[in-house]
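Below is one structure, written out as structure tokens, with a few remarks after it.
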Amino acid sequence: MCDALGIINFEDACVDITGLMDYRPASAISFLGRYRLIDFMLSNMTNSGISQIEVFIKDKPRSLIEHLGNGRQYNINSKRGRLSILYGENRIMSEVYNHDIANFMDNIQYIEEVNKPYVIIAPSYMIYQIDFNEVLKYHAEKNSDVTVIYKSTDNAKEEFIGCDTLSMDKDKRIVAFEKNRGKYKTRNVSLEAYVMTKKLFLELVRKAANTSSLYWFKDILADSCDDLRINGYAFKGTVYCINSLRSYFKANIELRTHAKARELFKEDWPIHTRTNDSAPSQYMPEAKIRGCSIANGCHIEGNVENCVIGRNVIIKRGAVVKNSVILPGAYIGEGAKLDHVIVDKAAIVNHVKKLVGTDDSPIYVKRRDRI
Amino acid sequence: MKQNNMVAMILAGGRGSRLLDLTKKVAKPAVYFGGKYRIIDFPLSNCANSGISVVGVLTQYESVLLNSYVARDHHWGLDARDSGVFVLPPREKDKTGLGLYRGTADAITQNIDFLDQMEAEYVLILSGDHIYKMDYAKMLAHHKANNADATIAVLAVPLKEASRFGIMNTDETDRIIEFEEKPAKPKSNLASMGIYIFNYKTLRKYLTADEKDPNSEHDFGKDIIPAFLRDNKVLTAYRFKGYWKDVGTIDSLWEANMDLLNPDNELDLGDSQWKIYTEDVPTPPQFIGEEAVVENCYINQGCIVNGNVKNSVLFTNVEVGSGAQVVDSVIMPNAVIGEGAKVTRCIVADNVEISPGAVVGHKDSEHIELIAKKRVK
């Protein structure tokens, strides 16, 4: 039991997963063959015992609503718990005003009426495994007003670009928020996951709305460093920040090996997702597969190396697919050659022409495209 | 949505003792099949896909696992307002006390109150341990079109094997005129699949009479069907074409799994229009390692393969260590094949651990070896 309302926030402009986000919000992007990005944070919440969760959507809601359904797959008691999907109807057409504060304000009654003393707010594009009970405990021990979960990284030149970074005093009190512009190697990066009382959260939301109609929640938090005890909680585990096509590609490719995936998937911490009832995957006698993570329902005849293969993907004879991320339902025809390619859902790559990208700029094949 | 008033009753009480240790703690319908399923997923999914809303499951032998498994009716989508999977093990009764199900027919007789309560018009009797896909709605349409009192699904088997089955002898309109259980000299090759549709009112009368008959074995094949025939009731055969297996032995269970390696197999588990639903286990995808070789395999989610796997079926969360060789085998959920171990022509039961370097099974063995001891050195 966790005495908090869980809020899954949507991403701001620092997340731009080019191509993939044309069709769905970041939270609904397919990840590691059988998941959507949001599954990880939702599973963190329900595994921590949070039973009331509100998911905020900025735009393009279809894919996410379909995936979440009534939330049963996330292991929430269907009477005592609830997964709500909320969005700001008035804002959807107006990009600059469509920020989290506006959406919180539009739905403030639904936040108010949840009978929980705390809120835990987190985005879905940061992938890691965390027990929020530990964070709540720390929050109480430190007598904090707000706890911000952060990750110390020495790879801030490459990763977490555009994310908030924290300046903290010796006591882990946050004195300022800055932006990671990739200038420094070592940074404390905010995972944009915050713990506070619901009362304070609502106060901050209202204050933000009164301060500026362009304010995001992170802006009002940054304004409040002097007035509030905002403390950092160091998260020690593995974090994947999926905020660009490059980082999306890199995270998938890294997690295709069990050795890496093991850091993210713990036996007592299941990552829940919506089942598709696919049959097991079929590997034909002529198939050659090495170093791959593969979801169910696939039919593989070709040569597949170092790839992430999504559900119900078909790879025909003579196809050679290397270092690529193939999303669910894609079809790779006979003899196709792919290297460093992201193939979006249900695309058909029937040809011959070699598609070769690089680690830094993988080629992106659009959803339902035909090549 | 309630689509028709046919109630399915799945007979799931049998042990299947020739499956040896696989059915020591679970009834045969709960035995694993096809990389991620249990056998009973097939009749349950068929019911769901055929638009049947109410399914009773009659359990008896080692029913704890099976009862809790089928009770989670949302796995098959049978959790709408008008639908449900109802677990019906034997129970204590007012006058008769606790009575076990004495036969297939008796299991239904003892649940007449359930069928009354469900306001059944038709009753579909199914077996919980057969692997096949069938649209029972079509069978019901056939039943109605023939104004039948009972319809029996039949499968054409090779005539020389017909003496192993209950054989239906029919006239030119497929009306059943005679039923012979395992005839020495079969007159027809139409074998009963143990799938019946009855008009409930008629069946109810026969069951009530059968209950009082001291000479009855309370069996559909031996007692109820012959009684229908004696009274000149209309029994029609419904011809089924397609994959159908009653896996009675370790060898035949292995064979049925191996059938899936042929991508053109008739069972076609990948058909998105007739999915077989099962328990949803939250596992990561499968990982095929850098040095792994997978050739002609059927592998489920959660597996970690670092060795060589050939002509085999791996169930959920199986681990194959590096240098291990798994050939012509079926490895059930959560089993671990240690590094360098060799597994040939085996069924490895769930949660079994084959120690590194261990060798089990043989490529020339006459029968498939069942490995069910929790740890094999």
Inset, instruction - Can you tell which part of A:L255 gets under 4.5 Å to a heavy atom of chain B, answering side chain, backbone, both or neither? - result: backbone

Legend entry - Most contacts with chain B, counted as non-hydrogen pairs under 4.5 angstrom, among A:Q282, A:R290, A:R256, A:H299: A:Q282

Legend entry - Lys/Arg-Asp/Glu bridge criterion (N-O < 4.0 Å) met for A:D344, A:R24: yes

Legend entry - Under 4.5 Å from any heavy atom of chain B - which part of A:T273: backbone

Legend entry - Sole candidate of A:F31, A:Y74, A:Y125 that passes ring pair (Phe, Tyr, Trp, His ring centres under 6.0 Å) when paired with A:F40: A:F31

Legend entry - Contact leader toward chain B among A:A287, A:S278, A:C292, where contacts are heavy-atom pairs under 4.5 Å: A:C292

Inset, instruction - Consider only side-chain N and O atoms of A:R262 and A:T257, and report whether a donor and an acceptor are under 3.5 Å apart. - result: no

Legend entry - Selection from A:L264, A:N276, A:N75 maximising heavy-atom pairs under 4.5 Å formed with chain B: A:N276

Inset, instruction - Using distance alone, with no hydrogens and no angle criterion, decide if B:S53 and B:D82 have a side-chain donor and acceptor under 3.5 Å apart. - result: no

Legend entry - Structural part of B:F315 lying under 4.5 Å from a heavy atom of chain A: neither

Inset, instruction - Taking heavy atoms only and a threshold strictly under 4.5 Å, list by residue number the residues of residues 261-294 of chain B that touch chain A; give 'none' if the list is empty. - result: B:L261, B:N262, B:P263, B:L269, B:G270, B:K275, B:I276, B:Y277, B:T278, B:D280, B:V281, B:P282, B:T283, B:P284, B:P285, B:Q286, B:F287, B:I288, B:G289, B:E290, B:A292, B:V294

Legend entry - Residue part contacting chain A, namely of B:L260, when any heavy atom lies under 4.5 Å: backbone

Inset, instruction - Sort out for me which of B:H75, B:H74, B:K310 touches chain A most, counting heavy-atom pairs under 4.5 Å. - result: B:H74

Legend entry - Side chain, backbone, both or neither of A:I289 within contact of chain B (heavy atoms, under 4.5 Å): both

Inset, instruction - Write down the atom of B:P43, the atom of B:I10, and the distance for their closest heavy-atom approach. - result: CB-CD1, 3.9 Å

Inset, instruction - Would you mind checking which part of A:R72 comes under 4.5 Å of any heavy atom in chain B, side chain (CB onward), backbone (N, CA, C, O), both or neither? - result: side chain

Legend entry - Under-4.0 Å salt bridge between B:D129 and B:K28: yes

Inset, instruction - Look at the side chain of B:S329 and the backbone N and O of B:R345, then say whether any donor-acceptor pair between them is shorter than 3.5 Å. - result: yes

Legend entry - Over 12 foreign heavy atoms within 6.0 Å of NZ, A:K288: no

Legend entry - Donor-acceptor under 3.5 Å (B:N46 side chain, B:Y132 main chain): yes

Inset, instruction - Indicate yes or no: does A:D39 engage A:R274 in a salt bridge with an N to O separation below 4.0 Å. - result: no

Inset, instruction - Go through the side-chain N and O atoms of B:N257 and B:Y298 and say whether any donor and acceptor fall under 3.5 Å apart. - result: no

